[in-house]
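Whatever order the structure lists ligands and atoms in, that order sets their numbers, starting from 1. Quick caveat, the model's predicted, so the values are computed rather than measured.
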Amino acid sequence: MKSTALANANIALVKYWGKRDEKLILPQNSNVSVTLSELSTITTVEFSDDYDEDIFILDDKVTSGKDKERVLSQLDMVREIAKSSQKAKVVSKNNFPTAAGLASSASGSAALVMAATDAIGLNLDKKDLSILARRGSGSSCRSIYGGFVEWNKGEAGDGTDSYAKKIESYDYWPELRVVVGVVTLSEKEVKSRSGMKQTVETCPFYDGWLKSVDKDILDVKEAFKNKDFSLLGKTSEHNALKMHALMIATVPSIIYWNPSTIRIMNAVKLWRENGLESYFTIDAGPQVKLLCLEKDEQEIISRLKAVDGVIDVISCKLGRDAKIIYEHLF
Ligand code: DP6
């Protein structure tokens, strides 16, 4: 009754921002991402009669509050499918700072559902794992897969058609890199969940976002198909800026950037003007992720490290599917 799973984080190139159903976690718009090789969560789950209550230990700390509630509600979903009432111990480790905008909820929820369903003896396919991961955190439905992934928003009220699918495998475009610039280690002030709710409720531009997203998805898919890096980068950068424009124009305003974030954004534009091609994307936090090709990777890493306020740089290839592993955390 014990299983361990490893899932990688992902970064959206066309963002998920806004829900049409808060409880089922159904998005307003479809979105696409790439899975990141170097950012991962490992989670071990054990169901046993020995446990009187569920225990969740994240990065060596016994967790309570909202983080624990999320894990418990996903365990309940798994127990309901398996018709079990056994309690569980869950131990999870991220190899990167939790909740600072590096998509820990995505890899965390994907690893959790994969380990929990396996531990309890369910043999779910990837589609059902993606749906279950989505119920914990929307973007995590994409972390079930490696490579280039699309989460189709779906139409059904019950969410049965809202899950991720792989478009291209991790090795389709081996030259592609995502270089992460870490500019803070602290947790973000406004979680994506409340930030996107506030945006849907108060941002006057939200309709414009919804009208423009499908074209971005078509462009990014086209870019992937033709390995057209410029189209991929331009579309991704513009999409991220549109999302941040929504956040800024929400009431009260949400600004996720810090001074280093802006320094990197300006630097990337300047590098591009001088012939070094790279594009940025930013989630609901201050960290910046740069898209580039292998030939420019080392130059981008050293320039990024030299930007004032950059604490760490992590260069990723496209990561693989989430998987069961055989080294348990306890
Ligand atoms: C900006 O998936 O963390 O990273 O579904 O409420 O858990 P919940 O939100 P979450 O939001 C991710 C928002 C984003 C864009 C993206 O990953 O697509």
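Atom 6 (O) of ligand 1 has its closest protein heavy atom at Lys19 NZ, 2.6 Å. With respect to atom 15 (C) of ligand 1, the closest heavy atom belonging to the protein is Tyr16 O, 3.4 Å. Met196 CE, 3.3 Å is the protein heavy atom nearest to atom 11 (O) of ligand 1.
With ligand atoms numbered from 1 in the order given, ligand 1 contributes 3 (O) to contacts under 4.0 Å with heavy atoms of Ser105. Each of the atoms 3 (O), 9 (O), 11 (O) of ligand 1 lies under 4.0 Å from some heavy atom of Ser192. Each of the atoms 1 (C) of ligand 1 lies under 4.0 Å from some heavy atom of Ala284. Those atoms of ligand 1 that come under 4.0 Å of a heavy atom in Ala12, given as number and element, are 16 (C), 17 (O), 18 (O). Within the listing of ligand 1, atoms 2 (O), 3 (O), 10 (P), 12 (C), 17 (O) sit less than 4.0 angstrom from a heavy atom of Ser139. Shown in contact with Met243 at under 4.0 Å from a heavy atom are these atoms of ligand 1, numbered in order with element: 1 (C). Which parts of ligand 1 touch Ile25 is read off a 4.0 Å heavy-atom cut-off, strictly below it: atoms 5 (O). Each of the atoms 2 (O), 5 (O), 7 (O), 8 (P) of ligand 1 lies under 4.0 Å from some heavy atom of Gly138.
Taking NZ of Lys289 as the start and CG of Leu291 as the end, the distance is 11.0 Å to the nearest 0.5 Å.
Salt-bridge annotation for Lys221 and Glu150: present, with a side-chain N of the basic residue lying under 4.0 Å from a carboxylate O of the acidic one. Ion pairing between Arg79 and Asp54 holds under the 4.0 Å rule for side-chain N and carboxylate O.
Ring pair Trp173/Phe229 is perpendicular by interplanar angle, where above 60° counts as perpendicular and below 30° as parallel.
Of all the heavy atoms of Lys191, none lies under 4.0 Å from any atom of ligand 1, so neither backbone nor side chain is involved. When non-hydrogen atoms are compared, ligand 1 lies under 4.0 Å from the side chain of Arg142 (C-beta onward) but not from its backbone.
Under the 3.5 Å distance criterion, the side-chain polar atoms of Asp283 are left unmatched by any main-chain donor or acceptor of Gly285. Between the side chain of Ser236 and the backbone N or O of Leu232, at least one donor-acceptor pair lies under 3.5 Å.
Checking only distances, Asn31 never comes within under 3.5 Å of ligand 1, N or O to N or O. Here's the thing with Lys15: none of its N/O atoms is less than 3.5 angstrom from an N/O atom of ligand 1.
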Practice item. Please step through side-chain hydrogen bond (donor to acceptor under 3.5 Å, both in side chains) for the pair Ser230 and Glu277, ending with a clear verdict. Key: CA-CA 8 Å; Ser230 301; Glu277 196 177 10; 2.6 Å; yes
Practice item. Step by step, work out the side chain to side chain contact (heavy atoms under 4.5 Å, CB included) result for Leu112 and Thr41. Key: CA-CA 9 Å; Leu112 173 67; Thr41 302; over 6 Å; no
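Side chains of Ile248 and Phe205 form no contact here, defined as non-hydrogen atoms less than 4.5 Å apart.
Geometrically, Lys153 does not engage Tyr16 in a cation-pi contact defined by less than 6.0 Å to the ring centre and at most 45° from the axis.
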